[in-house]
Structure formats: C-alpha cells, structure tokens
Colleague: 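Quick one: structure below, then a few questions.
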Amino acid sequence: MAYHLGKYRTIEGKEYDLCSLTPTECKLFNWLREEYINADSWKDFQDRTARPIVEAAMKAAETRTGEKQFQWENYFLYKIRYDLLRNVGVRTGELKGELSDMIIEELKN
C-alpha cells in the first residue's frame, strides 16, 4: 500500500500541495519531518535543516530557470521548514503559541 502526502498548512493558513512534489522534494520533505520529530530544540532543528533546504532551493531554481540567483526564502520547502522550526519551538516550550496544522491529510492507495 503506497502513501501519498496530502497538504501542509502553516500557522498562517498557507497550504502547500505535497502530492505534486518531485521525488527529490519528497525525499527532502520526509527528511524534514524526521528532523522535526527528532529535534530536541529550536536551535538543533535550525542548525540541522537550514543549509540543506537553502541549497535545495538554489539547485531547484537553477534547474527550473537556469538562474543562479534566487530568493530562497520564497521556496515552498523553505517556508515549510520555517513553519516546522516554529513548531519545534512551541513543542519544546521555547516559543509560545499553537502548533500549525502541518499535514492535514495523508492518502493511502
């Protein structure tokens, strides 16, 4: 039975369709989820995930547009990572607030 990711919803209510991820993006997203689950602190998650996601954003931009300059802050996996970073802080008590919805559906085939 295969699993297909559904959507990710940030604390601001922005939704990202995870069904349309490329295989590389899917792998990165699943890695982010594992890092989120295993993170002991906000800083731990930040230190472990920031660089790989920025590098992935730059590579994706170069592949799609041929440009070497790209506002990586606009890359959807960076925005998801940023939301997960906030959620780590909330979960560990380092930040006040509520957790975002994160994955709002996961479909099985």
Colleague: First locate atom CG of N30, then atom NZ of K27, and finally report the distance between them rounded to the nearest 0.5 Å.
Modeller: 10.5 Å
Colleague: Please tell me if the side chains of M102 and L84 come closer than 4.5 Å, counting only heavy atoms from C-beta onward.
Modeller: yes
Colleague: What residues, two or more places apart in sequence or in another chain, satisfy ring pair (Phe, Tyr, Trp, His ring centres under 6.0 Å) together with Y78?
Modeller: W72
Colleague: So, taking the atom named NZ in K7 and the one named CG in L18, what distance separates them when rounded to the nearest 0.5 Å?
Modeller: 10.0 Å
Colleague: Are any of the side-chain heavy atoms of K79 and N74 separated by less than 4.5 Å?
Modeller: yes
Colleague: Run the salt bridge (Lys or Arg N to Asp or Glu O under 4.0 Å) test against K43 and tell me which residues pass, sequence neighbours left out.
Modeller: D47
Colleague: Could you tell me whether the side chain of R91 and the main chain of A39 form a donor-acceptor pair under 3.5 Å?
Modeller: yes
Colleague: Taking all heavy atoms of Q46 and all of L85, pick out the closest pair and write down the distance.
Modeller: OE1-CD2, 3.2 Å
Colleague: Please assess V54 against Y75 for the test side chain to side chain contact (heavy atoms under 4.5 Å, CB included), listing each intermediate value before the final yes or no.
Modeller: CA-CA 8 Å; V54 169; Y75 185 53; over 6 Å; no
Colleague: Just so I know, are the side chains of T49 and L32 near enough to count as touching, which here means a heavy-atom distance under 4.5 Å?
Modeller: yes
Colleague: Is any side-chain heavy atom of L21 less than 4.5 Å from a side-chain heavy atom of Y16?
Modeller: no
Colleague: Does NZ or CZ of R33 lie under 6.0 Å from the centre of the six-membered ring of Y8, at an angle within 45° of the ring axis?
Modeller: no
Colleague: Listed by chain and number, what are the salt bridge (Lys or Arg N to Asp or Glu O under 4.0 Å) partners of R9, not counting sequence neighbours?
Modeller: E15, D101
Colleague: CD1/I80 to CD1/I53 distance, rounded to the nearest 0.5 angstrom?
Modeller: 9.0 Å
Colleague: Could you check if a side-chain atom of F45 sits within less than 4.5 angstrom of a side-chain atom of R81, using non-hydrogen atoms only?
Modeller: yes
Colleague: Residues two or more places apart in sequence or in another chain: which of them pass side-chain contact (heavy atoms from CB on, under 4.5 Å) with E34?
Modeller: I37, N38
Colleague: Do I11 and Y82 touch side chain to side chain, with heavy atoms closer than 4.5 Å?
Modeller: no
Colleague: Tell me, please, which residues at least two apart from E94 pass side-chain hydrogen bond (donor to acceptor under 3.5 Å, both in side chains).
Modeller: T92
Colleague: When rounded to the nearest 0.5 angstrom, what distance separates CZ in F76 from OG1 in T10?
Modeller: 13.5 Å
Colleague: S100: which residues meet the side-chain hydrogen bond (donor to acceptor under 3.5 Å, both in side chains) condition with it, sequence neighbours left out?
Modeller: D83, N87
